[in-house]
Colleague: 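Before I ask anything, here is the structure I am working with.
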Amino acid sequence: MEGTNFWLTPLALLPGVGLLVMSTAARFGQLHAELHHHLEHGDAPGPGVEHLLRRATRFRNALVSLYLSVAALAVASLAGGIAALWSLSVTVPVVVLTAVAVLAVAYAAYELIQESRMLLELICAHVHTPSHSGEPPDR
């Protein structure tokens, strides 16, 4: 890769990470609204609320990891850009920070996969149990 353009690589990854941040934050907001709905309607803390809290923890972990990724990519690009202005070589820090950012995205993806698995288990539990009216769910 050409030395003068090397610092642009982290910037090329930012839009994808930004999209993950936006979609994760939106899903986290929906979960927050659902939790408030349960609490406002007098639902006692129980399995349903505990499940929401476990999912919220996964979302929080994913968002923190994604924000760290954004910071690492921004610093990597900034360091590379400044070095390019002064004709210095900072290939190693740019590569290390970019690798850290990619690892953070991978961890966030793992957390989001686990949250999706938890949500699917909840959906399956609702489908396989009788509804509150006492009638079996439609299949």
Side-chain angles (χ1 to χ4, degrees):
M1 186 173 292
E2 208 173 280
T4 57
N5 293 330
F6 189 72
W7 62 276
L8 294 172
T9 302
L11 288 178
L13 300 174
L14 272 175
V17 176
L19 188 58
L20 282 171
V21 168
M22 287 176 37
S23 63
T24 302
R27 290 177 60 204
F28 190 42
Q30 291 170 344
L31 184 94
H32 182 261
E34 187 177 344
L35 182 60
H36 269 280
H37 176 78
H38 279 283
L39 296 176
E40 286 174 357
H41 288 88
D43 292 349
V49 172
E50 291 299 320
H51 180 83
L52 290 174
L53 291 174
R54 286 193 314 275
R55 287 180 52 215
T57 300
R58 296 277 188 190
F59 277 125
R60 189 262 341 259
N61 292 347
L63 281 171
V64 167
S65 184
L66 290 170
Y67 293 146
L68 289 173
S69 177
V70 168
L73 290 170
V75 170
S77 187
L78 181 63
I82 290 171
L85 281 175
W86 291 329
S87 299
L88 301 173
S89 176
V90 289
T91 303
V92 172
V94 171
V95 168
V96 168
L97 285 169
T98 303
V100 166
V102 170
L103 288 173
V105 170
Y107 175 74
Y110 169 78
E111 287 291 320
L112 292 171
I113 289 167
Q114 294 304 312
E115 186 281 329
S116 295
R117 182 189 53 77
M118 292 172 69
L119 180 57
L120 180 61
E121 288 173 1
L122 179 65
I123 290 169
C124 288
H126 284 303
V127 169
H128 296 300
T129 58
S131 65
H132 295 292
S133 66
E135 297 178 12
D138 295 330
R139 293 188 191 228

Colleague: Using modelled atom types and a 3.5 Å cut-off, is there a donor and acceptor pairing between side-chain atoms of Ser77 and backbone atoms of Leu73?
Modeller: no
Colleague: Using the rule that two of Ile, Leu, Val, Met, Phe, Trp, Tyr join whenever any of their side-chain heavy atoms come within less than 4.5 Å, decide whether Leu31 and Tyr67 are in one cluster.
Modeller: yes
Colleague: What closest approach, in Å, do Pro10 and Ala76 show between heavy atoms, and which atom pair accounts for it?
Modeller: CG-CB, 3.8 Å
Colleague: For His36, what residues pass the side-chain contact (heavy atoms from CB on, under 4.5 Å) criterion, not counting sequence neighbours?
Modeller: His32, Glu40
Colleague: Please list, chain by chain and in numerical order, all residues satisfying side chain to side chain donor-acceptor pair (under 3.5 Å) with Glu34, sequence neighbours excluded.
Modeller: none
Colleague: I'd like to check Thr9 versus Val94 (side-chain heavy atoms, cut-off strictly below 4.5 Å). Are they in contact?
Modeller: no
Colleague: Is the closest side-chain heavy-atom distance between Val92 and Val95 below 4.5 Å?
Modeller: no
Colleague: Under the salt bridge (charged side-chain N to carboxylate O under 4.0 Å, His left out) test against Glu111, which residue among Arg58, Arg27, Arg54, Arg55 passes?
Modeller: Arg58
Colleague: Output the distance between atom CG (Leu11) and atom OG1 (Thr98), rounded to the nearest 0.5 Å.
Modeller: 9.5 Å
Colleague: Considering only heavy atoms from C-beta outward, does the side chain of Val49 approach that of Leu35 to under 4.5 Å?
Modeller: yes
Colleague: Quick one: closest heavy-atom pair of Ser69 and Ala104, and the distance?
Modeller: CB-CB, 3.9 Å
Colleague: Can you tell me how far apart CG (Leu39) and CG (Leu52) are? Round to the nearest 0.5 Å.
Modeller: 8.5 Å
Colleague: On a heavy-atom basis, which atom in Phe28 and which in Ala56 lie closest, and how many Å separate them?
Modeller: CE1-O, 3.6 Å
Colleague: State whether the side chain of Ser23 and the backbone N or O of Leu19 hold a donor-acceptor pair below 3.5 Å, judged by distance alone.
Modeller: yes
Colleague: For Gln30, check side chain to side chain donor-acceptor pair (under 3.5 Å) against everything at least two apart and list the hits.
Modeller: none
Colleague: Quick one, Val70 with Leu14, criterion side chain to side chain contact (heavy atoms under 4.5 Å, CB included). Give me CA distance, side-chain angles, the key distance, then yes/no.
Modeller: CA-CA 7 Å; Val70 168; Leu14 272 175; 4.0 Å; yes
Colleague: Find out if a path of hydrophobic residues (ILVMFWY) with successive side-chain heavy-atom gaps under 4.5 Å connects Met118 to Leu122.
Modeller: no
Colleague: Under a 4.5 Å side-chain heavy-atom rule over Ile, Leu, Val, Met, Phe, Trp and Tyr, are Leu63 and Tyr107 clustered together?
Modeller: no
Colleague: Nearest heavy-atom pair of Val17 and Val105: which atoms, and what distance?
Modeller: CG2-CG2, 3.7 Å
Colleague: If you group Ile, Leu, Val, Met, Phe, Trp and Tyr whenever their side-chain heavy atoms sit less than 4.5 Å apart, what else falls in with Val75?
Modeller: Leu97
Colleague: Can Tyr110 be reached from Leu103 by stepping across I, L, V, M, F, W or Y side chains whose heavy atoms are under 4.5 Å apart?
Modeller: no
Colleague: Can you list the other members of the hydrophobic cluster that holds Val64, where links are side-chain heavy atoms under 4.5 angstrom apart?
Modeller: Leu68
Colleague: Ile82: what forms a side-chain contact (heavy atoms from CB on, under 4.5 Å) with it, not counting sequence neighbours?
Modeller: Leu78, Trp86
